[in-house]
Protein chains: 2
Amino acid sequence: MQDKILLGFLQDGEKTGYQIKKLMESSTGYFFNTSLGSIYPAFRKLEKDGMVKMKQKVTEGRVKKLYSVTEKGMECFQTWLNEEITIPKARDEVLLKIFFFSNLEPEKRREKIIFYVKQLQGMIDHLSTLKNLVEVNTSNRDEKKVNDYLNKYKIDAFRIEMLDYGVEYYIFMKKWYEDFLNRIDDVDKH
Amino acid sequence: MQDKILLGFLQDGEKTGYQIKKLMESSTGYFFNTSLGSIYPAFRKLEKDGMVKMKQKVTEGRVKKLYSVTEKGMECFQTWLNEEITIPKARDEVLLKIFFFSNLEPEKRREKIIFYVKQLQGMIDHLSTLKNLVEVNTSNRDEKKVNDYLNKYKIDAFRIEMLDYGVEYYIFMKKWYEDFLNRIDDVDKH
DNA sequence: ACTTGCATGTAAGTCGTTACATGATTGT
DNA sequence: ACAATCATGTAACGACTTACATGCAAGT
């Protein structure tokens, strides 16, 4: 999957590993983010397999390794995009803790959930801000400015959709945990 | 995390690795499920670290290795349960594909989403059935039967909550993807 | 006789992280 | 001068999966 995200980010032109890391942080960050320590070796492997080609370039005294996707890499990426999509495992540690919540004192349970709801609110705020930022920058009358903005951050309709999904997802979770808190409060009052 | 789920399942008595695998399939399965190939080595490590102790028992000609949690294991599990809970990364491959959806033909995009929505419905049906099964079995007048049932599958209020979360979670996703489908249909009509 | 389920285990491989290491440039 | 950011890389480690390997018991 690591390799697919790299090929994906190279679809609109050559980039360095560091650049991709920065793009990831500002876009896929909330659901997918990989460390530089796994990006660089991944690029080496992709190059070995003929999926990407590397071009060294010296800019402002710095040696940069620009990677671009090859024909073979394009095919590989398309194949992956075309594969049937299946439900992934949630692998959510929070759910696991709640599954074992009977082993924790009632007070502590409440504490944990209240703290978690606060964190979820923070995430909602953060993603909403990002989404608003995009909306403000794209509602400008100056079409050139809008396009420059969209291009700089590689934003398209689907990437905005992913921001929307993030907001809605965390709103759902927050609501569920708030209701859950009410339910366990009722139980504990007995 | 692997080790924590094992310690968690041992909280209500000694079990074999195989038993835990079965319990996982019928309870945490939809959000957490590990293979036997990682359960057995994990138990060995836990034993080496003094978290669990093993007792060999011969039942019906079969040699079983029953693990039980030690004092140290109890502490370790409690510490884990008490740690502040933080938002985990979603790491959802589906989101990643949609992020790169502009590289796929509009028709294929629709196909993928329609297929995914069907799968989500299947998941909703599956978890709803499980939840109903629990509800039917616990609405019995015979209290002994109810307790036997709850005990057999190690069900408590929180484990039922986790089933509820699963149902609600997949309903949320299904709705979002259905709305998403309508939105991309509108865009493609231009 | 055969398949399914119970029960355990190992080996190879994939995937990813953190920590360490280096060094240049840019802003304060 | 100093910190932050740009830019790349390696080593050690952790977590987990699949495939392989074994063997008994129970049901059909």
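Lettering follows sequence order; numbering is per chain, from 1.
- Within the 4.0 Å cut-off from OP1 or OP2 of dG9(D), not a single side-chain nitrogen or oxygen of Tyr40(A) is found.
- For Trp176(A) and Phe172(A), the ring centers are positioned 6.0 Å apart or more.
- Note on Lys45(B) versus Asp3(B): no salt bridge recorded, every NZ/NE/NH1/NH2 to OD/OE distance being 4.0 Å or above.
- Checked by atom type and distance alone, the side chain of Thr16(B) never pairs as donor or acceptor with a backbone atom of Lys64(B) at under 3.5 Å.
- When only modelled atom types and interatomic distance are considered, Gln2(B) and Ser38(B) share a side-chain donor-acceptor pair under 3.5 Å.
- By the ring pair (Phe, Tyr, Trp, His ring centres under 6.0 Å) test, Tyr30(B) is found to be paired with no residue, residues two or more places apart in sequence or in another chain being considered.
- We find the OG1-CG distance between Thr70(A) and Leu7(A) to be 8.0 Å, quoted to the nearest 0.5 Å.
- Aromatic pair Phe9(B)/Phe99(A): centroids less than 6.0 angstrom apart.
- Screening residues 96-125 of chain A for salt bridge (charged side-chain N to carboxylate O under 4.0 Å, His left out), with sequence neighbours left out, gives Arg109(A)-Asp188(A), Arg110(A)-Asp185(A).
- Per the geometry, CG belonging to Leu6(A) stands 13 Å off C1' belonging to dG16(C), to the nearest Å.
- Taking for each of Lys45(B) and Pro41(A) the nucleotide of DNA chain D with the nearest heavy atom, the 5'-most of the two is the partner of Pro41(A).
- Note: OH (Tyr67(A)) to P (dT8(D)) measures 8 Å, nearest angstrom.
- In this structure, Asp179(A) does not pair ionically with Arg183(A), as no charged nitrogen and carboxylate oxygen lie closer than 4.0 Å.
- The stretch residues 74-81 of chain B has no heavy atom under 4.0 angstrom from DNA chain D at all.
- The OH atom of Tyr67(B) sits 12.5 Å away from the CD atom of Glu14(B) when rounded to the nearest 0.5 Å.
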Task: Under 4.0 Å protein heavy-atom contact, by nucleotide of nucleotides 17-28 of chain D - B base, S sugar-phosphate only - done: BB------S---
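- Listed by residue number, Thr16(B), Gly17(B), Tyr18(B), Lys22(B) are the residues of residues 10-29 of chain B with a heavy-atom contact under 4.0 Å to DNA chain C.
- Taking atom CG of residue Asp3(A) and atom C1' of nucleotide dC15(C), one finds them 10 Å apart after rounding to whole Å.
- Residue Lys64(A) places at least one side-chain N or O under 4.0 Å from the OP1 or OP2 atom of dA7(D).
- Residue Arg44(B) has its side chain nearest to dT10(C) when only dT10(D), dT10(C), dT8(D) are considered.
- dA15(D) atom C1' lies 13 Å from atom CG of Leu46(B), rounded to whole Å.
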- [ ] Could you go through the side chain to side chain contact (heavy atoms under 4.5 Å, CB included) check for Gln11(A) and Ser102(B) one step at a time?
- [x] CA-CA 10 Å; Gln11(A) 295 292 310; Ser102(B) 61; over 6 Å; no
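- Contact of the Phe43(B) side chain with the Met54(B) side chain is not registered, since no non-hydrogen atoms from C-beta on lie closer than 4.5 Å.
- The shortest distance between side-chain heavy atoms of Lys72(A) and Phe77(A) does not fall below 4.5 Å.
- Summary of helix geometry: the two end axes of the helix from dA1(C)-dT28(D) to dT28(C)-dA1(D), each defined by five base pairs via their C1' atoms, are inclined to each other by 30° (rounded to 10°).
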